[in-house]
Amino acid sequence: MKLPDSKDFWSGLMLIAIGAVAVLMARDYPFGTALRMGAGFFPVVLGVLLVLFGIFFMARGMRSSEKIEGGWSPRALVVLPLAFVLFGILMEYAGFIPAMLVLMVGSAAAGTEFRLGEVAALSVFLTVLCVALFIWALGLPYPLIVGM
């Protein structure tokens with residue numbers, strides 16, 4: 001029997017694997033109830049949802065003939081991990097705002113359709129949104145800019 005080579009089949013398999021690992025890792029945590037959630041509630045529910053979506057995508061992939069288009073981007077393989085590392089370093093030494101801006105610009109730079117004006121506008125908008133959500137609404141103790 002030949003394995004399907006459609007995008008949906010393999011993305012479904014990946015979702016099933018990630019969901020199963022999440023459920024397995026959370027099996028020792030207390031589950032709780034919907035009103036009093038335990039530490040295992042969110043990972044188990046999210047893992048089960050991922051498995052269900054994975055089954056849906058795998059079934060769709062068995063009927064689809066859309067092939068996987070190969071190709072590796074050396075730029076993305078270098079720039080994305082670098083952006084993540086810089087984010088981690090800048091969170092400690094520069095603050096939340098510079099770290100978010102570097103992460104978003106770096107992530108966009110990994111693609112082939114990088115336009116500085118669009119990336120700058122979107123990065124500023126998303127950084128303001130992240131500051132409003134994580135710092136002000138959730139009250140996470142990250143400094144916006146170190147030294148201020």
Side-chain angles (χ1 to χ4, degrees), residues 5-58 60-61 64 66-148:
D5 58 350
S6 71
K7 291 186 211 180
D8 288 339
F9 177 83
W10 291 103
S11 64
L13 187 64
M14 181 188 68
L15 288 176
I16 290 171
I18 292 170
V21 167
V23 170
L24 285 173
M25 288 177 68
R27 74 181 181 272
D28 294 331
Y29 298 141
F31 188 76
T33 66
L35 294 176
R36 287 182 118 356
M37 296 178 196
F41 188 89
F42 184 73
V44 168
V45 170
L46 185 62
V48 168
L49 285 173
L50 284 173
V51 168
L52 292 174
F53 277 115
I55 291 169
F56 171 75
F57 281 121
M58 279 185 75
R60 197 167 89 175
S64 173
E66 186 177 355
K67 304 287 185 222
I68 297 174
E69 297 170 11
W72 291 87
S73 170
R75 177 196 293 176
L77 289 173
V78 171
V79 174
L80 282 176
L82 182 63
F84 288 133
V85 169
L86 285 174
F87 173 79
I89 292 169
L90 289 174
M91 276 295 288
E92 186 170 339
Y93 297 108
F96 186 78
I97 292 174
M100 287 301 295
L101 290 171
V102 165
L103 177 66
M104 287 183 239
V105 171
S107 298
T112 57
E113 298 176 10
F114 181 82
R115 292 190 180 94
L116 185 58
E118 292 175 5
V119 169
L122 183 62
S123 296
V124 168
F125 172 73
L126 288 175
T127 300
V128 168
L129 195 66
C130 287
V131 166
L133 175 67
F134 295 113
I135 307 297
W136 297 331
L138 293 176
L140 295 178
Y142 299 128
L144 294 179
I145 297 176
V146 173
M148 289 187 74

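This structure is a prediction, so every number in the text was calculated from the model and none was measured.
Rounded to the nearest 0.5 angstrom, L138 CG and L133 CG are separated by 5.0 Å. Taken to the nearest 0.5 Å, the CG atom of L122 stands 13.0 Å off from the CZ atom of R115. Separation of atoms CZ (F41) and CG (L35) is listed at 9.0 Å; rounding is to 0.5 Å. Here the CZ atom belonging to R75 is positioned 10.5 Å from the CG atom belonging to L80, to the nearest 0.5 angstrom. Going from atom SG of C130 over to atom CG of L140 covers 11.0 Å, rounded to the nearest 0.5 Å. Between atom CZ of residue F57 and atom CG of residue L52 there is a gap of 12.0 Å, rounded to the nearest 0.5 Å.
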Test V23 against V48 for side chain to side chain contact (heavy atoms under 4.5 Å, CB included), laying out the working first.
CA-CA 7 Å; V23 170; V48 168; 4.2 Å; yes

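Nearest heavy-atom pair, S107 versus A83, reported as atom, atom and distance to 0.1 Å: N-CB, 4.2 Å. Scanning both residues, G106 and V79, for their nearest heavy atoms gives O-CG1, 3.1 Å. Heavy-atom minimum distance, L144 versus P98: O-CD, 3.6 Å. Between V119 and A108, the shortest heavy-atom distance links the atoms CG2-CB, 3.6 Å. For the residue pair S73 and A110, the shortest heavy atom distance occurs at OG-O, 4.3 Å. Between T127 and M104, the shortest heavy-atom distance links the atoms OG1-CE, 3.3 Å.
For the pair V102 and F87, the minimum side-chain heavy-atom distance is 4.5 Å or more. Side chains of V146 and Y93 form no contact here, defined as non-hydrogen atoms less than 4.5 Å apart. Contact annotation: the side chain of L13 approaches that of M58 to within less than 4.5 Å [non-hydrogen atoms, C-beta and beyond]. The shortest distance between side-chain heavy atoms of L86 and L103 does not fall below 4.5 Å.
Ring-plane geometry between Y142 and F96 is classed as parallel, the angle between the planes falling under 30 degrees on a 0 to 90 degree scale with a further cut at 60.
Remark: the backbone N or O of L24 is paired with a side-chain donor or acceptor of R27 at under 3.5 angstrom. Proximity of a side-chain donor or acceptor of R60 to a complementary backbone N or O of F9 within less than 3.5 Å is not detected.
Heavy-atom neighbours of F125 CZ from other residues, nucleotides or ligands within 6.0 Å: at or below the threshold of 12. Other residues, nucleotides and ligands contribute at most 12 non-hydrogen atoms within 6.0 Å of the CZ atom of F53.
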